[in-house]
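Each remark here refers to the structure printed beneath this line.
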Amino acid sequence: MLSSADFQHRMAIISDQIQEACDKAGRKKESVKTMVVTKNHGFEVTKMAYEHGFRLFGENRIQETQEKYAQNHGLSLELHMIGHLQSNKAKIACELCSCIQSIDKIKTLLEVQKQAKNLDKVQDVMFQINTSLEDSKSGVRDINELWPLIDQACHCPNIKVIGLMTIGPFDAPEKKIRRCFSDLRELGNRIISRYPGINLKDLSMGMSDDFHLAIAEGATLLRLGRILLGERYA
Ligand SMILES: *Cc1c(COP(=O)(O)O)cnc(C)c1O
């Protein structure tokens with residue numbers, strides 16, 4: 001595992017890089033939040049990041065999330081589900097996660113509504129959009145599938161839509177990556193004008209290799225794994 005000093009060193013470098021990207025884009029650094037993506041790392045890594053001040057954590061598999069976070073760990077942290085969610089796992093996701101970023105189907109949305117209602121909570125969600133149209137990625141690909149999904153969400157009293165999420169293409173030219181991120185931002189703007197009732201505040205985009213591009217295109221929430229924590233050992 002990464003040592004605490006190592007982590008601190010990485011944190012400092014990334015913090016400078018985020019600042020630099022914000023300066024270039026004419027944005028305030030406070031407008032960009034950073035989530036630590038702890039998938040494939042043990043709970044001790046979460047704890048270390050927490051001790052260095054991070055409060056927002058992302059996981060992509062329900063089972064791993066449950067193993068790490070189901071017991072009371074005594075930390076007041078916020079957990080987001082950023083991986084594909086099967087509707088039969090919606091209950092655990094609602095129990096453990098303050099936000100589910102990966103909603104892309106009506107079936108999952110309705111199951112989340114049901115489980116959130118049972119828990120008597122309002123569940124924050126984001127819609128995952130497949131902006132790169134890569135087959136390997138989940139997310140809504142076709143805008144004609146997005147509108148019914150949002151219409152449905154508007155009728156779910158236990159669901160609050162707070163943003164959009166996308167994963168940039170891997171190994172693509174910079175221009176293409178930026179296009180995916182700007183597409184997400186523009187889609188957000190279309191949603192805001194079409195659904196004035198939705199407070200779409202977050203654009204979750206940008207990972208270890210492309211977060212500077214995401215900042216340039218308006219990201220409000222970066223999801224950083226490897227660059228902060230090193231390669232995963234699982
Ligand atoms: C793993 C993962 C990340 C973090 O990726 P890194 O390249 O390690 O920064 C971000 N978002 C999602 C959806 C992921 O699955």
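All values derive from a computational prediction rather than experimental measurement. When reading the values below, keep in mind they use all heavy atoms of this one structure, side chains included, and skip hydrogens, waters and symmetry mates.
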Side-chain touch Phe170/Ser136, heavy atoms, less than 4.5 angstrom: no

Presence of salt bridge, Asp6 and Arg10, under 4.0 angstrom: no

Worked check of side-chain contact (heavy atoms from CB on, under 4.5 Å) between Ile103 and Gln128: CA-CA 6 Å; Ile103 301 290; Gln128 180 175 355; over 6 Å; no

Side-chain (Thr65) to main-chain (Arg61) donor-acceptor, under 3.5 angstrom: yes

Straight-line distance of His9 NE2 to Ser4 OG, nearest 0.5 Å: 13.5 Å

Point-to-point distance, once rounded to the nearest 0.5 Å, from OG of Ser31 to CG of Leu221: 11.5 Å

Donor-acceptor pair between Ser138 and Lys105 side chains, under 3.5 angstrom: no

Same apolar cluster: Phe43 and Ile62, side chain cutoff 4.5 Å: yes

Gln19 and Asp23: side chain donor to acceptor below 3.5 Å: yes

Test side-chain contact (heavy atoms from CB on, under 4.5 Å) applied to Asp209 and Arg226, step by step: CA-CA 9 Å; Asp209 295 327; Arg226 285 167 302 139; 3.0 Å; yes

Full working for side-chain contact (heavy atoms from CB on, under 4.5 Å) between Phe54 and Met11: CA-CA 10 Å; Phe54 286 99; Met11 247 176 85; 3.6 Å; yes

NZ/NE/NH1/NH2 to OD/OE distance under 4.0 Å, Lys39 and Glu59: no

Trace of the side-chain contact (heavy atoms from CB on, under 4.5 Å) decision for Ile191 with Leu146: CA-CA 10 Å; Ile191 294 172; Leu146 179 65; 4.0 Å; yes

Residue pair Thr108, Ser87: steps toward the side-chain hydrogen bond (donor to acceptor under 3.5 Å, both in side chains) verdict: CA-CA 5 Å; Thr108 322; Ser87 54; 5.4 Å; no

Residue from Asp183, Asp104, Asp135 passing salt bridge (charged side-chain N to carboxylate O under 4.0 Å, His left out) with Arg141: Asp135

Side-chain (Asp16) to main-chain (Ile13) donor-acceptor, under 3.5 angstrom: no

Any side-chain heavy-atom pair of Lys117 and Lys114 under 4.5 Å: no

Value rounded to 0.5 Å, distance of SG in Cys156 from NZ in Lys160: 15.0 Å

Beyond-backbone contact of Ile192 with Ile198, side-chain heavy atoms, under 4.5 angstrom: no

Expected output: side-chain Ser102 to main-chain Gly83 donor-acceptor under 3.5 Å: yes

Test item: His80 and Phe57 side chains (from C-beta on) under 4.5 Å apart, heavy atoms: no

Ser182 side chain vs Arg178 backbone, donor-acceptor pair below 3.5 Å: yes

Side chain to side chain, Val32 and Arg27, heavy atoms closer than 4.5 Å: yes

Test item: Tyr195 side-chain N/O and Cys154 main-chain N/O as donor-acceptor pair under 3.5 Å: no

Lys/Arg-Asp/Glu bridge criterion (N-O < 4.0 Å) met for Glu95, Lys91: yes

Nearest-0.5 Å distance that lies between atom CD in Gln123 and atom CD in Gln113: 10.5 Å

Donor-acceptor contact below 3.5 Å, side chain Ser208 vs main chain Ile227: yes

Sub-4.5 Å side-chain heavy-atom contact between Val161 and Ile150: no

Validation row: Val125, Gln101 side chains within 4.5 angstrom (heavy atoms): no

Lys24 atom NZ, neighbour heavy-atom count above 12 within 6.0 Å: no

Spacing of CG belonging to Leu164 relative to CZ belonging to Arg185, to within rounding of 0.5 Å: 12.5 Å

Salt-bridge criterion met for Lys176 and Asp171 (N-O under 4.0 Å): no

Asn40 backbone acceptor or donor facing Glu64 side chain under 3.5 Å: yes

Connected via hydrophobic side-chain network under 4.5 Å: Ile143 and Phe127: yes

Hphob cluster co-occupancy, Tyr69 + Leu75, side-chain heavy atoms under 4.5 angstrom: yes

Side chain to side chain, Ile18 and Thr34, heavy atoms closer than 4.5 Å: yes

Short side-chain to backbone donor-acceptor contact, Asp202 and Ser204, under 3.5 Å: no

Within one Ile-Leu-Val-Met-Phe-Trp-Tyr cluster: Leu79 and Leu119, side-chain cutoff 4.5 Å: no

Any donor-acceptor N/O pair, Asp210 side chain to Leu213 backbone, under 3.5 Å: no

Side-chain donor or acceptor of Lys33 paired with backbone N/O of Leu222 under 3.5 Å: no

